[in-house]
Novice: 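Starting off with a structure, shown below.
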4 protein chains.
Amino acid sequence: MKFNDNRPIFKQIADYILDNVVSGIWQEGERLISVRELASEIEVNPNTVARTYAMLSNMGIIYNQRGIGYFITANAQEKCLSQLKQEFIENELPELFRKMNLLDLDLEQIKKYYDDQKNEEK
Amino acid sequence: MKFNDNRPIFKQIADYILDNVVSGIWQEGERLISVRELASEIEVNPNTVARTYAMLSNMGIIYNQRGIGYFITANAQEKCLSQLKQEFIENELPELFRKMNLLDLDLEQIKKYYDDQKNEEK
Amino acid sequence: MKFNDNRPIFKQIADYILDNVVSGIWQEGERLISVRELASEIEVNPNTVARTYAMLSNMGIIYNQRGIGYFITANAQEKCLSQLKQEFIENELPELFRKMNLLDLDLEQIKKYYDDQKNEEK
Amino acid sequence: MKFNDNRPIFKQIADYILDNVVSGIWQEGERLISVRELASEIEVNPNTVARTYAMLSNMGIIYNQRGIGYFITANAQEKCLSQLKQEFIENELPELFRKMNLLDLDLEQIKKYYDDQKNEEK
DNA sequence: GTGGTCTAGACCACC
DNA sequence: GTGGTCTAGACCACA
């Protein structure tokens with residue numbers, strides 16, 4: 001796991017977890033690896049991981065069983081998806097459209113780039 | 001001008017200026033209003049405006065004539081446009097597609113939101 | 001038995017036992033089921049149950065006969081009741097009143113919620 | 001400010017702030033003293049205060065103006081009140097009733113204690 | 001000056 | 001073993 005960009009590490013960790021939940025790789029009821037383990041694995045301070053877990057717990061994506069660890073909540077996938085979707089639509093799309101407008105790009109061109117990328121993936 | 005979102009204020013000011021340059025509203029050679037004037041107008045710390053001007057100056061969009069003020073450089077519009085476009089395509093589009101994929105959104109849906117927003121603006 | 005809330009599990013178990021003692025369901029001299037049995041029954045670590053028993057033992061509510069098991073002490077009911085009552089009046093009531101005051105609630109409203117709950121239980 | 005009980009310090013600080021907001025002593029728009037100031041005043045690590053502020057910000061009771069400080073949000077009082085009330089009714093009242101039932105106390109007796117306390121305050 | 005993030009290391013309650 | 005809290009001290013971006 002690399003921390004390239006300038007976003008906070010604890011959020012990047014959260015995104016990694018959310019990705020796995022949304023894509024269904026991690027199922028509800030599964031136990032996350034412990035704070036300390038993950039911390040040493042990705043070479044980060046345990047406090048940072050703890051912060052990530054606390055945040056996700058707050059969001060209702062994971063929950064804590066005392067003395068045992070964190071687990072993925074029931075319906076985490078849907079909760080996650082709808083939450084991220086809403087956030088995407090409210091925050092990122094307007095910015096995207098503003099920029100497209102400014103740069104005189106339209107959806108046709110975007111689509112072209114999109115298809116190009118899809119083909120590359122194949 | 002409101003500074004609601006969590007982006008740095010100086011960047012929001014820069015975006016406002018860039019918008020005007022890219023869209024051709026402000027032409028090359030035009031003088032920008034002074035740091036202090038703009039600062040008091042939008043109720044912001046002058047340091048913040050100064051930072052914006054410094055950044056744009058660094059980008060080659062505006063230049064400073066000591067004791068007189070800031071002016072829009074020659075070819076500012078094209079410079080600006082090509083710079084922003086390249087950055088947009090290289091950095092933002094891949095991230096956009098990744099997220100669309102994750103959230104199971106396609107361009108049709110994006111287009112719908114786009115049109116909705118356009119209608120709201122009318 | 002569910003351990004949803006954030007109170008320590010061993011205290012929740014203790015509450016369950018205290019309830020039975022105070023209400024007279026469990027009489028003095030009766031034997032409690034063994035640590036291991038209870039643990040496997042409520043799906044909890046045996047250490048946790050052991051801790052509960054140790055605490056109750058400390059409180060003088062139950063006592064241990066080595067090799068045989070835990071038993072409810074003589075006068076457990078009264079001891080328990082007076083102890084809990086005193087603690088309740090001294091520690092919890094003032095806090096309750098402070099909070100009612102702050103939240104602008106009076107006993108009438110409390111009573112309403114109380115009755116509502118009673119009805120739900122029926 | 002004293003930190004008597006065993007609840008986390010950052011929550012006790014939050015309660016202190018919430019009390020002031022709910023009771024209307026602190027009005028919307030008012031600026032909270034800075035993290036560092038409050039920390040040194042109550043002799044606590046700045047991180048702890050920061051955590052409190054972050055939590056309240058998350059709850060929508062206060063908000064942050066970049067580089068300036070934290071301010072009380074509009075409608076903080078109502079938001080606060082309804083939030084605390086709901087929490088009180090859902091979490092604390094059932095526990096209260098359970099205990100009253102167990103200890104064979106009724107609202108009449110509670111009322112007596114309540115009135116006693118009220119008289120003492122006079 | 002403001003808050004935000006991160007590290008290192010400690011201590012605690014709980015299971 | 002688990003996570004939760006706190007301290008001390010550092011560095012950063014921002015106004």
Side-chain angles (χ1 to χ4, degrees), chain A residues 3 6-13 31-40 42-58 62-71, chain B residues 3 6-13 35 39 42-52 54-55, chain C residues 3 6-14 35 39 42-52 54-55, chain D residues 3 6-13 31-40 42-57 62-71:
Chain A
F3 304 109
N6 26 11
R7 292 167 54 237
I9 294 178
F10 78 90
K11 279 189 186 161
Q12 297 185 48
I13 302 172
R31 182 175 174 277
L32 279 70
I33 68 173
S34 80
V35 169
R36 302 201 222 293
E37 263 183 294
L38 179 53
S40 85
I42 60 180
E43 290 178 313
V44 141
N45 189 291
N47 282 330
T48 306
V49 176
R51 193 170 176 183
T52 300
Y53 280 16
M55 189 182 71
L56 293 173
S57 175
N58 231 359
I62 62 180
Y63 67 95
N64 184 346
Q65 260 190 279
R66 300 181 71 108
I68 302 179
Y70 277 98
F71 299 80
Chain B
F3 306 106
N6 3 4
R7 291 162 56 232
I9 294 177
F10 79 90
K11 279 189 187 161
Q12 297 183 50
I13 301 173
V35 169
I42 60 182
E43 288 178 314
V44 140
N45 191 306
N47 287 331
T48 307
V49 177
R51 192 167 175 179
T52 300
M55 187 182 71
Chain C
F3 305 106
N6 1 1
R7 290 162 56 230
I9 293 176
F10 80 90
K11 279 189 188 162
Q12 297 183 50
I13 301 172
V35 168
I42 60 181
E43 289 180 312
V44 141
N45 192 305
N47 287 330
T48 308
V49 176
R51 190 168 178 178
T52 302
M55 188 181 72
Chain D
F3 304 110
N6 29 9
R7 292 168 53 239
I9 294 178
F10 78 91
K11 280 189 186 160
Q12 296 185 48
I13 302 173
R31 183 176 173 276
L32 278 70
I33 68 174
S34 81
V35 169
R36 302 201 223 293
E37 263 183 294
L38 180 53
S40 86
I42 60 181
E43 291 179 310
V44 140
N45 190 291
N47 282 330
T48 306
V49 176
R51 192 169 175 185
T52 301
Y53 281 16
M55 189 182 70
L56 293 172
S57 176
I62 62 179
Y63 67 95
N64 184 345
Q65 260 189 279
R66 299 182 73 106
I68 301 179
Y70 277 98
F71 298 80

Novice: Give a yes/no on whether any side-chain N or O of R36(A) is located under 4.0 angstrom from OP1 or OP2 of dG3(F).
Specialist: no

Novice: Please work out if R31(D) contacts a base, only the sugar-phosphate, or nothing of the nucleic acid, heavy-atom cut-off 4.0 Å.
Specialist: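 Counting heavy atoms under 4.0 Å across all strands, the contact made by R31(D) is with sugar-phosphate only.
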
Novice: Which value, rounded to the nearest 0.5 Å, describes the distance between L32(D) atom CG and S57(D) atom OG?
Specialist: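 Interatomic distance, L32(D) CG to S57(D) OG, rounded to 0.5 Å: 10.5 Å.
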
Novice: Nearest 0.5 angstrom please: T52(A) OG1 to I42(A) CD1, how far?
Specialist: 7.5 Å

Novice: From the set dT7(E), dA15(F), dC15(E), return the single nucleotide nearest to any side-chain atom of N45(C).
Specialist: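 Of the candidates, dC15(E) comes closest.
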
Novice: Counting side-chain heavy atoms from CB outward, which of dG4(E), dC6(E), dG3(F) is closest to N64(A)?
Specialist: dG3(F)

Novice: Got a second to check how far F10(A)'s CZ is from L56(A)'s CG, nearest 0.5 Å?
Specialist: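 The distance works out to 10.0 Å.
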
Novice: Using Watson-Crick and G-U wobble pairs with both distances under 3.5 Å, what is the 5'-to-3' dot-bracket string of DNA chain E, with [ ] for crossing pairs and | for pairs outside the strand?
Specialist: ||||||||||||||.

Novice: How many angstroms lie between CG in N45(B) and CD1 in I9(B), if you round to the nearest 0.5 Å?
Specialist: 9.0 Å

Novice: Could you give the OH-to-P distance, from Y53(A) to dT5(F), as a whole number of Å?
Specialist: 17 Å

Novice: Of the options dC14(F), dA15(F), dG3(E), whose atoms approach the side-chain atoms of K11(B) most closely?
Specialist: dC14(F)

Novice: How long is the gap from NZ on K11(B) to CE on M55(B), to the nearest 0.5 Å?
Specialist: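 Taking NZ in K11(B) and CE in M55(B), the distance rounds to 7.0 Å.
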
Novice: Return the CG to CD1 distance between L38(D) and I13(D), rounded to the nearest 0.5 Å.
Specialist: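 With rounding to 0.5 Å, CG (L38(D)) is 6.0 Å from CD1 (I13(D)).
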
Novice: From the options dG4(E), dC6(F), dA15(F), select the nucleotide whose nearest atom is closest to the side chain of Y70(D).
Specialist: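 Side chain of Y70(D) sits closest to dG4(E).
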
Novice: Starting at the 5' end of DNA chain E, which residue's closest nucleotide do you reach first, T48(C) or T48(A)?
Specialist: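 Residue closer to the 5' terminus by nearest nucleotide: T48(A).
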
Novice: When the nearest nucleotide of DNA chain F is assigned to G67(D) and to Q65(A) on a heavy-atom basis, which residue is associated with the more 5' position?
Specialist: Q65(A)

Novice: Quick one: L38(A) CG to dG3(F) C1', roughly how many Å, whole number?
Specialist: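 Checked: the CG to C1' distance equals 14 Å.
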
Novice: Give a yes/no on whether any side-chain N or O of Y63(A) is located under 4.0 angstrom from OP1 or OP2 of dG3(F).
Specialist: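 It does not, given that no N or O in the side chain of Y63(A) lies less than 4.0 Å from OP1 or OP2 of dG3(F).
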
Novice: Given dG3(E), dC14(F), dC15(E), identify the nucleotide with an atom nearest to the side chain of V35(D).
Specialist: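 Given the options dG3(E), dC14(F), dC15(E), the side chain of V35(D) is closest to dG3(E).
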
Novice: Select one nucleotide: of dC6(E), dC6(F), dG3(F), the one nearest the side-chain heavy atoms of F10(A).
Specialist: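 Comparing dC6(E), dC6(F), dG3(F) against the side chain of F10(A), the answer is dC6(E).
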
Novice: Can you tell me how far C1' of dA13(F) sits from CD1 of I68(D), to the nearest Å?
Specialist: 14 Å

Novice: Here's a test of your reading of the structure: between I9(A) and R51(C), which maps to the more 5' nucleotide of DNA chain E?
Specialist: I9(A)

Novice: Please report the shortest heavy-atom distance between N64(D) and Y70(D), naming the atom on each side.
Specialist: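 Here N64(D) and Y70(D) meet closest at CB-CE2, 3.7 Å.
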
Novice: So does N47(A) reach the base of dG3(F) with its side chain, donor to acceptor, closer than 3.5 Å?
Specialist: no

